[in-house]
Amino acid sequence: MPSTLNLYKGRADRTGMNCNAIASLGPKCLQGLSLTAQDFASRWRAVPAGLAEPSTQDLYLAPHCDDICFSLGAFVLRRRKGVLLTLFSQSGYVAQPRTVAELGDDRIAAISSLRQREDLAFTEQTGLRLCFGGLDEAPLRGHAPFDTAKVEDDARQLDEAVVAAIFAAAMERPTDRRPWLFCPMAIGGHIDHIVILKIVLRHYNALRARWRIAFYEDLHYASVRRMRAEGLARFQCLAARLKLRRSLWPIGAAVDKLALVALYRSQFAESPVSIKPFTPAQSITAPAHEALWSTEPA
């Protein structure tokens, strides 16, 4: 994509507003213009042909049970191939705590088992092979989910285990085109999502030798406009060296994705009836969709 200033230069010249005037609006305004430009381009750009090629060796990285379903459920359902690797598969959270009677370590085991069964139901519906990383989610490691003060320490400490889990989930080395690895963009700022993103970026070249890599907008977080804008700005700082473009993947029948989302009933007080939390918020008109960012040309 051209820079935001270049993209708007022609329009600015015609209206008498020059590039210096646009720049004077400030960095937050420029980030907003850049995001709107990317959203607009993805609305009309053809999806990359390479991303449309499913493989049994595609690898979907989920920080937690439910992340791939919420973020890419319709995309996965359409492709029906690949491996789901849920890395932080030890969990202590359910939306209705009283539904789990166990206490202490037994409670963690019961909730983890429940959430893993929900992942299994999702993979049975979508044709994926399921793997678990067996790592503890943030509260079990002593962190509040959105307290990122220790994110660098966690990324270093978990680096070896995460990379080992990624390669353990891989099947035999492909003989033709590389499959895809789908990584969260950490929109929303959850520490576990940021840890996975940082580790993938740290080992980007080694992983890229085995997979083509795309990054997905985390839902439900990206359904909130402010949170999405802040998350994408953070991602673009972390991944500044990568020249990524956004592609939009329409959800199609909302009822189909909502049926997948409803498989994760432990995460809701009531089953969701609207697709709005499961499509990115934008300042332009767009169909309900999921979003990927990659270097793959259209």
Side-chain angles (χ1 to χ4, degrees), residues 46-89 115-135 161-185 193 196-197 199-201 203-219 244-245 247-253 256-257 259-261 263-264 278 289-298:
V47 299
L51 263 171
E53 301 169 349
S55 167
T56 57
Q57 299 180 62
D58 289 342
L59 183 58
Y60 297 87
L61 298 185
H64 312 103
C65 303
D66 74 30
D67 281 318
I68 287 297
C69 177
F70 292 1
S71 304
L72 290 177
F75 180 77
V76 170
L77 185 63
R78 190 177 301 119
R79 293 162 72 89
R80 303 193 64 82
K81 290 182 179 180
V83 180
L84 170 59
L85 172 58
T86 301
L87 287 154
F88 296 100
S89 54
R115 299 206 64 191
Q116 290 170 22
R117 292 197 302 273
E118 292 172 340
D119 249 4
L120 179 60
F122 171 70
T123 58
E124 288 174 345
Q125 290 288 322
T126 55
L128 300 185
R129 180 168 66 89
L130 180 59
C131 298
F132 293 117
L135 302 175
V162 168
V163 172
I166 289 173
F167 280 100
M171 299 167 67
E172 67 279 359
R173 184 175 293 275
T175 56
D176 48 3
R177 297 197 69 177
R178 288 170 297 159
W180 284 95
L181 183 148
F182 299 100
C183 174
M185 300 178 80
H193 291 234
I196 299 309
L197 173 61
I199 291 172
V200 167
L201 291 174
H203 296 277
Y204 185 82
N205 290 336
L207 294 170
R208 194 164 175 265
R210 182 68 178 266
W211 291 276
R212 291 173 285 176
I213 300 176
F215 300 88
Y216 61 85
E217 295 189 19
D218 318 55
L219 292 163
L244 302 170
R245 297 197 300 180
S247 58
L248 177 154
W249 298 80
I251 286 172
D256 292 337
K257 179 166 184 178
L260 295 175
V261 169
L263 295 172
Y264 293 89
F278 307 103
H289 67 282
E290 297 160 346
L292 290 165
W293 295 68
S294 74
T295 59
E296 189 79 3

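Each residue takes its place number in the sequence, starting with 1. This one's a predicted model, so the numbers in the text were calculated from it and none came from an experiment.
- Outside the 6.0 Å centre-distance limit, the rings of Trp211 and Phe182 are not counted as a close aromatic pair.
- Distance check, rounded to the nearest 0.5 Å: CZ of Arg245 to OG of Ser247 gives 9.5 Å.
- Under the 3.5 Å distance criterion, the side-chain polar atoms of Glu118 are left unmatched by any main-chain donor or acceptor of Asp66.
- Below 30°, between 30° and 60°, or above 60°: for Tyr60 and Phe75 the angle between ring planes is above 60°, a perpendicular geometry.
- Heavy-atom minimum distance, Trp180 versus Gly50: NE1-O, 3.0 Å.
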Derivation of the side chain to side chain contact (heavy atoms under 4.5 Å, CB included) call for Lys81 and Thr56: CA-CA 5 Å; Lys81 290 182 179 180; Thr56 57; 4.2 Å; yes
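- The closest donor-acceptor contact from the side chain of Arg178 to the backbone of Arg208 lies under 3.5 Å.
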Test side chain to side chain contact (heavy atoms under 4.5 Å, CB included) applied to Phe122 and Leu130, step by step: CA-CA 9 Å; Phe122 171 70; Leu130 180 59; over 6 Å; no
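- Legend: residues meeting ring pair (Phe, Tyr, Trp, His ring centres under 6.0 Å) with Tyr216, ordered by chain and number and at least two apart, are absent.
- The CD1 atom of Ile251 sits 9.0 Å away from the CZ atom of Arg78 when rounded to the nearest 0.5 Å.
- Of the inter-residue distances, the one linking Met185 atom CE with Trp293 atom CH2 reads 5.5 Å to the nearest 0.5 angstrom.
- Atom OG of Ser71 and atom CZ of Phe278 lie 9.5 Å apart (nearest 0.5 Å).
- Interatomic distance, CZ of Arg212 versus CZ of Arg177, reported as 4.0 Å (0.5 Å rounding).
- Counting heavy atoms from C-beta on, the side chains of Leu135 and Val162 come closer than 4.5 Å.
- In terms of the side-chain hydrogen bond (donor to acceptor under 3.5 Å, both in side chains) criterion, Glu124 has no residue partners (sequence neighbours excluded).
- Arg80 places a side-chain N or O within donor-acceptor distance of the main-chain N or O of Gln125, the cut-off being under 3.5 Å.
- Leu85 and Ala169 make their closest contact through CD2-CB, 4.2 Å (heavy atoms, listed as atom of the first residue, atom of the second, distance).
- Leu59 is not listed as a side-chain neighbour of Pro179, based on a closest heavy-atom distance of 4.5 Å or more.
- Leu219 approaches Phe70 most closely through the heavy-atom pair O-CB, 3.2 Å.
- Heavy atoms only, all atoms of each residue included: Tyr264 and Leu260 are closest at CD1-O, 3.8 Å.
- The salt bridge (charged side-chain N to carboxylate O under 4.0 Å, His left out) test applied to Glu290 returns Lys257, not counting sequence neighbours.
- In this structure, Leu84 CG and Leu120 CG are separated by 10.5 Å, a value rounded to the nearest 0.5 Å.
- In plain terms, the two heavy atoms of Pro63 and Thr86 that are nearest each other are O-CG2, 4.3 Å.
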Chi angles and distances behind the side chain to side chain contact (heavy atoms under 4.5 Å, CB included) call for Leu292, Leu72: CA-CA 9 Å; Leu292 290 165; Leu72 290 177; 4.0 Å; yes
Residues Asp67, Asp218; criterion side chain to side chain contact (heavy atoms under 4.5 Å, CB included); working and verdict: CA-CA 7 Å; Asp67 281 318; Asp218 318 55; 5.9 Å; no
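- The two residues Val47 and Leu248 have their closest heavy-atom pair at CG1-O, 3.5 Å.
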